[in-house]
Amino acid sequence: MAEQELDTGGFDFSEVEKRLGVTRRTFLKYCAGVAASLGLSTSSAVAMAKAIAAKPQMRPPVIWLHGQECTGPTESLLRSEQPSLEHLLLDMISLDYHQTLDTGAGHKVEELKKKSMKENHGKYLLVVEGAIPVKDDGVYCKIAGETMLHITKEAAEGAAAIVAFGSCASWGGVQSASPNPTGAKGTQAVLPGKPVVNIPGCPPNPANFLGTVLYFVTFGKLPPLDQQNRPKWAYGRLIHENCYRRPHFDAGRFATEFGDEGHKLGYCLYKLGCKGPETYNNCPSLEFNNVGGGVWPIGVGHPCFGCSEEGIGFNKPMFALANVETHTPPNSFPTIEDRQQDTGISPTAAALGGAAAGAAIGASLMAAKKVGNTPESDSGSDG
Amino acid sequence: MKRREFLKGALGTSAATVCGVMASSKTAEARPNLEVNDNAVGMLYDSTLCVGCKACVAKCKEVNDMSPVIESKLEAWDEARDLSGDTLNVIKVYKNGTAKTKDAETDGFAFEKRSCMHCVDPGCVSACPVTALEIQQKTGIITYNPDACIGCRTCMTACPYNVPQFEYDKTFGQIHKCQMCNQKGVERIDKGQMTGCAEACPTGATLFGTRKQLLEEAKRRTALKPGDIYNYPMGDLSKPDSYHEKPVPNYKDHIWGEKEAGGTNVMHISSISFDKLGMPPLEERSYASMSEGVQHTLYSYLALPAVALAGLSFVVKRNIDSDGEGGDS
Amino acid sequence: MTRLIVGPFNRVEGDLEVKLDIKDDQVEAAWVSSSLYRGFEQILEGKTPGDALVFAPRICGICSISQSVAASSALRNAMGLEQAPNGLLATNLLSATENLADHLTHFYLFFMPDFARDTYGDQPWGEAAQKRFKAMQGEASSYFLPARKNLLQLIGILAGKWPHTLAIQPGGTTKTLDQGDRVRVISVLSEIRRFLEEKVFGDKLEAILELSSFGELFSWADNQPMEQGDFRFFLKIAQSLALEEVGKTSCDAMSYGTYDGLFPQGVWRGEVGKLDPQLIAEDLTHSMMIGDTRHPSQGETFPDLDKADAYTLCKAPRLDGKVVEVGAYARQLIAGQPLIINLAHKSGSNVLSRVVGRLIEAARLVTIMEEWVDGFKIKEPFCSHGKMPDEVEAVGMTEAARGSLGHWLHVREGRIENYQIVSPTTWNFSPRDSSGISGPLESALVGVPVIADEKNPVVVQHIVRSFDPCMVCTVH
Amino acid sequence: MSTYKPIGGRILTPTFIFFSIIVAISIYFMAQRFIYGMGSVANINGGFPWGIWVVYDVIIGTGLACGGYALAFTVYVFNKGKYHPLVRPALLASLFGYALGGFGAIFDMGRWWQFYNIMLPWNWNFNSVMLEVGLCVSLYIIVLIIEFSPVFLEKIGAQGLIKVLDKVLFFFIALGVLLPTMHQSSLGSMLIIMGYKIDPLWQVMQFQPLLAVLTALIMGYSIVIFEASFSKASFGGPNETPLLAVLGKVAVGLMFAFLAIRFVVLGVQGKLGLIFAGDFSSLMFLIETALFIIPALIIALPSQRQNPSKLLIAAVSMLFAGALYRFNAFLFTYDPGPGYSYFPSVSEIMVTLGVISIEILAYLVIVKTMPVFHRGEHA
């Protein structure tokens, strides 16, 4: 699909070519790739391409909030895929408020934010980055004198959709680790009843965010979500199921310390505490930093610690062993009753066995008959 | 001698044999199970810790220089389904219903290891005519000597766990069974190492140690409160190479191998009842002790056969000599 | 006297507010306040020592490598371990890449956009600055962001992802480089050099590193039109705004040293002196933290937001009771970089010297990194191994882009007994101490001319940003 | 003085050729077994290490070869000289039965090239029932050869040797009684250690040796009747029915003893209910018991007993009963655990049929060429 150009029905992409500085072909290929990774059809890719190329006034406004966080998600966004995310992002959406990237400074920006929220009530996309502390009324995170808790609730009021970007925003992340000194919580936890899309990860993969936003822009609704409100297309499978080291797990070959022989040969990192078997994410297929060639945590030889998985990342010690959630392929395990040699009954053998037994009986009866017919020639002596 | 007398005699002989065997059935009790050797080395397999990675299987094949079992055309991995001449240990799965939850009997699944249990009172050792199978006095390991073995496979019939396996597919096959990595040329235990499977196990599901230590550990675990955090040792229980913390599962209060058929040096604990995990229906009394009880009553020091032979010789000679009727020539 | 509150600051890491007392159109006193607290030290207590490698980098998304380096070196020292030589080189490369990325990010995304403000519209360079540096729209971001992405690929190759890697371990790195990886690293480095020479400096790096005085620097700048390299562009602006007189501090400068002594440890008091880390102490007088002044190894971090006289969550670290400034400028000063020493002697620490310090360091790092890549012995180990003693105290000291970073670790029976982090911005943005002496930023702001009705004084922005603050590190 | 004569006649009869073909086929498979290993021929597996080769060729084969044992008991121990005419053919059949059992043991032996290990005292494990069986069977084959050797010696006319032999023969005859008693009972003891794998209806633990030796004697007497009848049917000869009828009575007597002991033991062990459980085991048990009881009904009536045809049927029934008892215990109801199954392969069955055929062929050749049968009355 990637090689075949999409049939866009003669749609004019010259404007987007200019804006993004990429050729039409590259742009369409990219859209097709994104659609494929979202599990969407070719026609969806066209719809997506058109949505991106559409007029700026169609762009949904975005309010981007930062709570307790390290800007990791934004940092990861800043090094996204071609066409450069910063372009695509700014092209697709109207980023009305972003603390780290904004031009302006100070209270002026805060005013702009409030203005945008009011004007676009019910239309804007709210992106939350970072956790929200709730202990002591949320005093541990204040922006312009207001607590993050208050800001989030206020911004959520008129949001068309809410995206929690990163593990912190999704479920509290690093600061929610025991003893959770500030009572850090995820966005969903402080916004009961509101649908929040979680894009966990520390940092999250920008493509997962981008894909979600693209879906939202294209179809005006959120993508299908799992039970933890994560987009299914990105968080549907365990890292363990997609991991390139999986064959080593299946063969029982484990690295036991960094740099040992097995580690160099790419053995499974389970014994070093890899949480891939209990972490749902698409890191193995997307990788990180746009380098390719196995650039992601497990690729460089350190175990996954479950950064995106609530209850695993920052909760289980790094070198603690993971629970292996599922086993694929399930039939690779013999059942209790499975035995090595099982030849069964061959019909020929059954017939032969029967024939032999039958012959023995038949011969006996024949002999009995013959013996009976032999005239008694000797009465014998019977005491 | 009249025929009536002959009939009487025949039945009388039978009756005498009956009495003899009856007597043996009493004295059969005389041979109790062999004593547990506390210093014997063994392993504890904790089914709840097993993640089914089969590292033990792979390591075992490496240590014992055995080839993988390939059945499909994939040839992607070892497809051993059970113990065989190529497989000394194997991880099997118990599945029920939807098989969603680990270590649940209903709608769950659990792993179970099959390998030699290293019985305290082993049937295979008792049954082997040529002493090819022996209990190592120091370690309690049941070893196999292919130079003595004649391949009668009585050990296979005598093992309640169907452990010894013959290489049927080889021209010059032999029996294979786990010897705790201490056979000639490997001798890991003698060198102070642990078994390959225990070393490879990433979770400590297969734990090496002395029977005494392991039994204590097993008792400790089964007594724990489900949900509490327990620090599980890995490797060799006497000097664990590492630990890992994990909530305690709902163990069945049953240590397989503590008492079964005289006990085993390889013990299992689990949260699934052992009959579901394919363990055989064994009582505390070992079959070996019963078999040997009968055998020894009838044949101890060949006294009974010797007396019988003397008596028979006398009778036969008298019969041949006296009336010539019995003479053959 | 009026009181002006500047903030919250955008384009900085985290939340920052500055209160200014203005009298006679001049700042009379400044109070720097940070308001985000997450409780890393409390969280780390009781965790397994190895988990420091998981938690520490999460303090900050832009200096996460430095946090990893500090944590791993604290663990390494605790174990009494030697880093595998390859691991040291890989760690150095990672650290240098992040510093380089931070310096350039700071320059392009955080610092320069302030010159694209309307305030400077009537300056001769105003229009050009807007065209080039306007946040998210200027043309600089269209060539800097791809370059940055390219640069961060280096971290990808060596550490799997950025930010937040676990690849940096006490004994080295988890990544074992093969020849292919090495070629990839070399090619990324050559791209970086090309970017620096074409866009940042408009000259050979070696030529930049030969500049050894204020005079030489500016005559180099005058050699070509200001469009030739963004460094030159900045120097022209600095010249027109006399940035060497803005945001001056008179305190000592400190560096913990990094890259295995290549940038040495020391204190600058007009000349390089020896640093005794035992003399470090954190003063909590005006910090919303409970406790008394202690050495970090004995430190505690428990916030009390209602504490009297406290106005920030930031602690006030002092060296032997004295305020010190940290950062690239301090580092290069102590590392004996001739140009920076000359700048120090001429006008001390100021906005110009801090920015020049960063860019000179960037140029220097690239040349050093090229040497490191040659030093890998591919077949030798990248990681060594050791055992954690039952009880041990150790410290891991390194230099982040923004300055000195230290992790003080106390392990007991396989658990972290105490973990205290003193980060660069904590030094630079520290509040007043028990004797009332302000931290570097607070004192740098004093005397700055501010027009009374100016809501958002741009000079204050320049000064604050010249420290490249990382507020999430400051309080954690 | 000898009243024993070769029967004489053509050797290459159609029957002979038929069995020869079977032997030829089996030799092919035996060769395959020795070249490619047992697995290439037999269906034995991890749970069923013993297939028909052991169970039929050795365990049942030796049971069917107990004619010599039974008659030796009768003639020499109970001094019933009139049964003498039956001794030689019975001994011959026993010799073949045991020799082929031994041969069967060799090709069923996984490490046959080391078979001599069982003869080396330093290898002996006195706890092993198998050791006793192995040694006794080996010795008994030698004893049988010695017991039968007068036939050869007569054939070649070595009178001196016969005289010498006569002097010591009593000892070998005594051994010929003792050894089968020992190893036939041990074939039962062998089941004890297999424990739960033996179906409860057959696992009578310490009573195993007794039941086994009883079935051996029952089969022994029955095979004598069977052989005599068959020989008469095939080769003609004197009517020995009255003699055989008495043996039949003895067999039935033993059979009642067997059944009585078995039911009492099962009753004591509380397993009687299993007989009517309706499963495969209970069915096999009932068939087995029926096969034991049919001859009792025949032999109980003197008129039936004296009818050679009925007598033969009774004997065959008992042979089948004895064989089925051992088949059931060792194979049919043997259960090593879930998942294991066994059914012999074609090649495996062919090998067993080949062994039986060899026995028949050799028997035919020897009775035709050597003085085995007693031809006193008709000669």
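Residue numbers begin at 1 in each chain, while the letters A, B, ... track the order of the sequences.
- When all heavy atoms of D/K197 and B/T157 are compared, the closest pair comes out as NZ-O, 3.1 Å.
- Top candidate by heavy-atom pairs under 4.5 Å with chain B, chosen from D/P49, D/G37, D/G134, is D/P49.
- Looking at B/N145, neither its backbone nor its side chain comes within 4.5 Å of chain D, counting heavy atoms on both sides.
- Interface remark: B/S84 contributes no atoms to any contact with chain D (heavy atom separation under 4.5 Å).
- Contact of D/F126 with chain B is made through the backbone alone, with heavy-atom distances under 4.5 Å.
- With hydrogens and angles disregarded, no donor-acceptor distance shorter than 3.5 Å links the side chain of D/W124 to the backbone of B/T131.
- When all heavy atoms are compared, the tightest approach of D/F171 to B/S313 is CD1-OG, 3.8 Å.
- For the set B/G85, B/C152, B/A132, B/P146, the entry with the most heavy-atom pairs within less than 4.5 Å of chain D is B/P146.
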inquiry  = Pair B/F172, D/W112 - check side chain to side chain contact (heavy atoms under 4.5 Å, CB included), show working.
reply    = CA-CA 9 Å; B/F172 300 105; D/W112 49 272; 4.0 Å; yes

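- Only the side chain of B/F166 comes within contact range of chain D, judged by heavy atoms closer than 4.5 Å.
- Annotation: B/K170, atom NZ; neighbour count of heavy atoms from other residues, nucleotides and ligands within 6.0 Å is above 12.
- With hydrogens and angles ignored, the 3.5 Å screen pairs no side-chain donor or acceptor of B/S291 with any backbone N or O of D/I193.
- Here the closest non-hydrogen pair linking D/M130 and B/T154 is CG-OG1, 3.4 Å.
- The line from OG1 of D/T181 to CG of B/L312 is 7.0 Å long, rounded to the nearest 0.5 Å.
- Under the 3.5 Å distance criterion, the side-chain polar atoms of B/T171 are matched with a main-chain donor or acceptor of D/I35.
- Side-chain atoms of D/N127 never come within 3.5 Å of backbone atoms of B/E292 as a donor-acceptor pair (strictly under, hydrogens ignored).
- For the pair B/D147 and D/Q114, the tightest heavy-atom approach, listed with the atom from each and the gap, is O-NE2, 3.2 Å.
- Interface remark: of the candidates B/P160, B/P164, B/A288, B/P160 forms the most heavy-atom pairs closer than 4.5 Å to chain D.
- A 4.5 Å side-chain heavy-atom check between B/V315 and D/Y76 finds every atom pair outside the cut-off.
- The candidate from B/P280, B/A308, B/A261, B/G278 with the greatest count of non-hydrogen atom pairs under 4.5 Å with chain D is B/P280.
- Contact count versus chain D (heavy atoms, under 4.5 Å) is highest, among B/G311, B/A310, B/C159, for B/C159.
- From B/I150, atom CD1 reaches atom CD1 of D/I106 across 8.5 Å, with rounding to the nearest 0.5 Å.
- Within the model, atoms CE of D/M109 and SG of B/C149 stand 9.5 Å from one another, a figure rounded to the nearest 0.5 Å.
- The nearest pair of heavy atoms linking D/I118 to B/P129 is CD1-CB, 4.1 Å.
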key: Step-by-step side-chain hydrogen bond (donor to acceptor under 3.5 Å, both in side chains) determination, B/Y168 to D/N43   = CA-CA 9 Å; B/Y168 295 115; D/N43 269 358; over 6 Å; no

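- By the 4.5 Å heavy-atom criterion applied to side chains, B/F314 and D/F170 are not counted as neighbours.
- Considering every non-hydrogen atom in both D/D108 and B/R153, the closest pair reads O-NH1, 2.7 Å.
- For D/Y334, the part lying near chain B is the side chain, with the backbone staying farther off; criterion is any non-hydrogen pair under 4.5 Å.
- At least one donor-acceptor pair under 3.5 Å links the side chain of D/N125 to the backbone N or O of B/C128.
- With a 4.5 Å cut-off on non-hydrogen atoms, B/L83 does not touch chain D at all.
- Within the 4.5 angstrom heavy-atom criterion, no atom of B/V163 approaches chain D.
- Within 6.0 Å of CZ on D/F115 lie no more than 12 heavy atoms contributed by other residues, nucleotides or ligands.
- Contact of D/P336 with chain B is made through backbone and side chain together, with heavy-atom distances under 4.5 Å.
- For chain B, the nearby part of D/M205 is the side chain; its heavy atoms alone come within less than 4.5 Å.
- Neither the backbone nor the side chain of D/L120 comes within contact range of chain B; no heavy atoms are under 4.5 Å apart.
- Residue with the most contacts toward chain B among D/V41, D/I192, D/L131, D/N123: D/N123 (heavy-atom pairs, distance under 4.5 Å).
- Proximity to chain D (any heavy atom under 4.5 Å) is shown, for B/Q174, by both the backbone and the side chain.
- Between the CD atom in B/Q295 and the CE atom in D/M190 there is a gap of 10.0 Å [rounded to 0.5 Å].
- The distance from the CD1 atom of D/I44 to the CE atom of B/M156 is 8.0 Å, given to the nearest 0.5 Å.
- Rounding to the nearest 0.5 Å places CG of B/N162 at 4.0 Å from OH of D/Y340.
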